[in-house]
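Hydrogens, waters and symmetry mates play no part in the numbers below; they use all other heavy atoms, side chains included. Protein chains get the first letters and strands the later ones, always in sequence-line order, with residue 1 at the start of each.
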Protein chains: 2
Amino acid sequence: MFYNLSDKELEALKIIRNSLVHQGRIPSVRELMIGLNYKSPRSSAVLLKSLEEKEILRKKMDGSYQIVDFEIPEDYGSRAQTVKIPLLGSVACGIPIFADENIEAEVSISVEMIKKGCKYFLLRAEGDSMDKAGINNGDLLLIKQQQDAENGDRILALIDDEATVKEYNKSNGMVILKPKSNNKIHQPIILTDNFRIQGVVENVIKL
Amino acid sequence: MFYNLSDKELEALKIIRNSLVHQGRIPSVRELMIGLNYKSPRSSAVLLKSLEEKEILRKKMDGSYQIVDFEIPEDYGSRAQTVKIPLLGSVACGIPIFADENIEAEVSISVEMIKKGCKYFLLRAEGDSMDKAGINNGDLLLIKQQQDAENGDRILALIDDEATVKEYNKSNGMVILKPKSNNKIHQPIILTDNFRIQGVVENVIKL
DNA sequence: TGTAGAGTGTATATTTATGTATGTTTTATA
DNA sequence: TATAAAACATACATAAATATACACTCTACA
């Protein structure tokens, strides 16, 4: 699959993969140019051309490129593929969740943990309100960006300008966010359903 | 071994070795020309040719040169018994790790550093993500080929077709590769446990 | 409705770095 | 001094990367 690719071609593929995860599309000739530190769109266009000739990319009807196979190679284990997921710092209300000011770092995550076409981000867990659910202070939460959730999901919500992870429960037009640990400090939060879910916790990474 | 080499040839070898360790490639005819204070590319080209005839250099399939015999400086002239360990260059996707295309040189290493019956190879350290662990840019890493590791070992993994050395940590069905220095540039890499370790760093050779 | 601007893929010609080839000059030494 | 080896100055062909321009599609906005 990825045989006989030059270093530059592999680097281009890496950038394309990341662009697919975060922007949902193949980068433009000029975006790729910047990513590869080229100075002319020609250089990256030639690279795309050669990837097309090697049948890694394909041209669609409208002229735009499409990646032929974004699947994991069989010998994945020895050849881990990753995408970069932004690690968000403080998520304040009103600020778009992907605003550059919020991005603390970029963390490489195996593509095996990522669903194609979905947007993800990482958040550092603070406090211990979820420790019964296996989330401890300092853990990294891999969160899939979405607006809906199933009952029982651990969701990220913005409550009073704070990023909060709680268990989602909806019934009778009311939404109850339960902390997993049931003590006096962490009481459930009861809201109407006119609030926005930011995402669902897909994985908890203990560092 | 190097007895029938002229002074100029020895000097050229020194420059080639240096370039191999630090730039990861045989210098171009003109780079070697400058290094040897020649004024014409012909002069260094002739020198490369004669090193090839004396079988110190060898042409690979792709036409680029490869150094056949490479002793690390400490061993120069010593009577210590040595074995030849391959120095791997870029580890491209799809190519088995010991394929000829990957081998940049054969380096003589003292047998005292080698356990019998184990397979070893050398890798040039790039970047400084491991500098807190005593690995600096340009060091040669002596790596024992094995698939398993203990938490805390410095392992070699192929991440996005790049050879990466990081501290190994496995927990909860996830594998976390930590850089020793913890800053915004060097973040951990998070993988599923479905990936293969290439080897464990046994020694760091500083040149 | 029309226009300006940004972003797109592509085309043309140029620059740069490479290995090699052609002779010529210098240097060492027999 | 004669001669062979070494180093020289150039030139050529190729590949990669460059600068720049062109034509097309959007979208925003007056």
Side-chain angles (χ1 to χ4, degrees), chain A residues 4-20 22-68 96 98 100, chain B residues 2-20 22-68 89-90 92 101 104-105 161:
Chain A
N4 65 20
L5 294 187
S6 71
D7 289 355
K8 280 287 181 188
E9 287 168 335
L10 278 172
E11 210 180 326
L13 260 190
K14 247 183 273 178
I15 292 171
I16 291 170
R17 220 174 29 226
N18 273 299
S19 185
L20 268 177
H22 296 305
Q23 274 89 54
R25 57 183 176 81
I26 301 270
S28 76
V29 172
R30 278 170 183 78
E31 285 169 336
L32 190 60
M33 173 187 95
I34 291 166
L36 288 166
N37 267 322
Y38 279 142
K39 307 284 168 58
S40 159
R42 186 73 212 269
S43 308
S44 43
V46 166
L47 213 40
L48 285 174
K49 200 84 176 173
S50 78
L51 282 174
E52 187 191 355
E53 270 158 20
K54 293 182 179 177
E55 297 185 332
I56 308 289
L57 298 180
R58 186 194 302 138
K59 277 224 176 174
K60 289 195 291 185
M61 309 293 180
D62 60 4
S64 70
Y65 277 111
Q66 175 189 28
I67 198 161
V68 170
F98 271 115
D100 284 349
Chain B
F2 298 123
Y3 296 143
N4 55 348
L5 294 187
S6 70
D7 289 355
K8 279 290 180 186
E9 285 169 334
L10 275 174
E11 206 181 330
L13 256 191
K14 230 183 281 179
I15 291 171
I16 292 169
R17 256 199 310 261
N18 213 51
S19 183
L20 253 184
H22 291 105
Q23 273 90 58
R25 56 187 174 82
I26 302 272
S28 76
V29 171
R30 278 171 182 78
E31 284 170 335
L32 189 61
M33 174 187 93
I34 291 165
L36 289 166
N37 270 320
Y38 280 144
K39 308 285 168 56
S40 159
R42 187 70 213 269
S43 310
S44 43
V46 166
L47 214 39
L48 284 174
K49 201 82 178 172
S50 78
L51 283 173
E52 188 190 356
E53 271 157 17
K54 293 185 178 176
E55 297 186 331
I56 307 293
L57 297 181
R58 186 196 299 143
K59 277 223 177 174
K60 290 199 287 184
M61 277 116 20
D62 61 3
S64 68
Y65 276 113
Q66 176 188 29
I67 196 165
V68 173
S90 63
E101 299 94 288
E104 271 182 6
D161 302 312

With a 4.5 Å heavy-atom cut-off, do [X] and [Y] have their side chains touching?
{"X": "B:Ile16", "Y": "B:Ile56", "result": "no"}
{"X": "B:Lys14", "Y": "B:Asn18", "result": "no"}
{"X": "B:Arg58", "Y": "B:Tyr65", "result": "no"}
{"X": "B:Leu47", "Y": "B:Glu9", "result": "yes"}

Task: Those residues of residues 35-43 of chain B lying under 4.0 Å from DNA chain D by at least one heavy atom - done: B:Tyr38, B:Lys39, B:Ser40, B:Pro41, B:Arg42, B:Ser43
For atom [atom1] of [X] and atom [atom2] of [N], their distance in whole Å:
{"X": "B:Leu51", "N": "C:dG19", "atom1": "CG", "atom2": "P", "answer": "15 Å"}
{"X": "A:Ile34", "N": "D:dT18", "atom1": "CD1", "atom2": "P", "answer": "13 Å"}
{"X": "B:Leu48", "N": "C:dT20", "atom1": "CG", "atom2": "P", "answer": "9 Å"}
{"X": "B:Arg30", "N": "C:dG19", "atom1": "CZ", "atom2": "P", "answer": "7 Å"}
{"X": "A:Leu47", "N": "D:dA15", "atom1": "CG", "atom2": "P", "answer": "17 Å"}
{"X": "B:Leu32", "N": "D:dA6", "atom1": "CG", "atom2": "P", "answer": "16 Å"}
{"X": "A:Lys8", "N": "D:dA16", "atom1": "NZ", "atom2": "P", "answer": "12 Å"}
{"X": "B:Glu31", "N": "C:dT16", "atom1": "CD", "atom2": "P", "answer": "17 Å"}

Under 3.5 Å between N/O atoms: give me all the protein pairs with nucleotides 3-5 of chain D, atom names plus distance.
none

Which heavy atom of [X] sits nearest to which heavy atom of [Y], and what is that distance?
{"X": "A:Leu51", "Y": "A:Ala12", "result": "CD1-CB, 4.3 Å"}
{"X": "B:Met33", "Y": "B:Ser40", "result": "SD-C, 3.3 Å"}
{"X": "B:Tyr38", "Y": "B:Ser44", "result": "CD1-N, 3.9 Å"}
{"X": "B:Gly24", "Y": "B:Glu104", "result": "O-OE2, 2.8 Å"}

- [ ] Could you tell me whether the side chain of B:Ser19 and the main chain of B:Arg25 form a donor-acceptor pair under 3.5 Å?
- [x] yes
TODO: Tell me whether the OP1 or OP2 atom of C:dT8 has a side-chain N or O from A:Ser28 closer than 4.0 Å.
DONE: yes
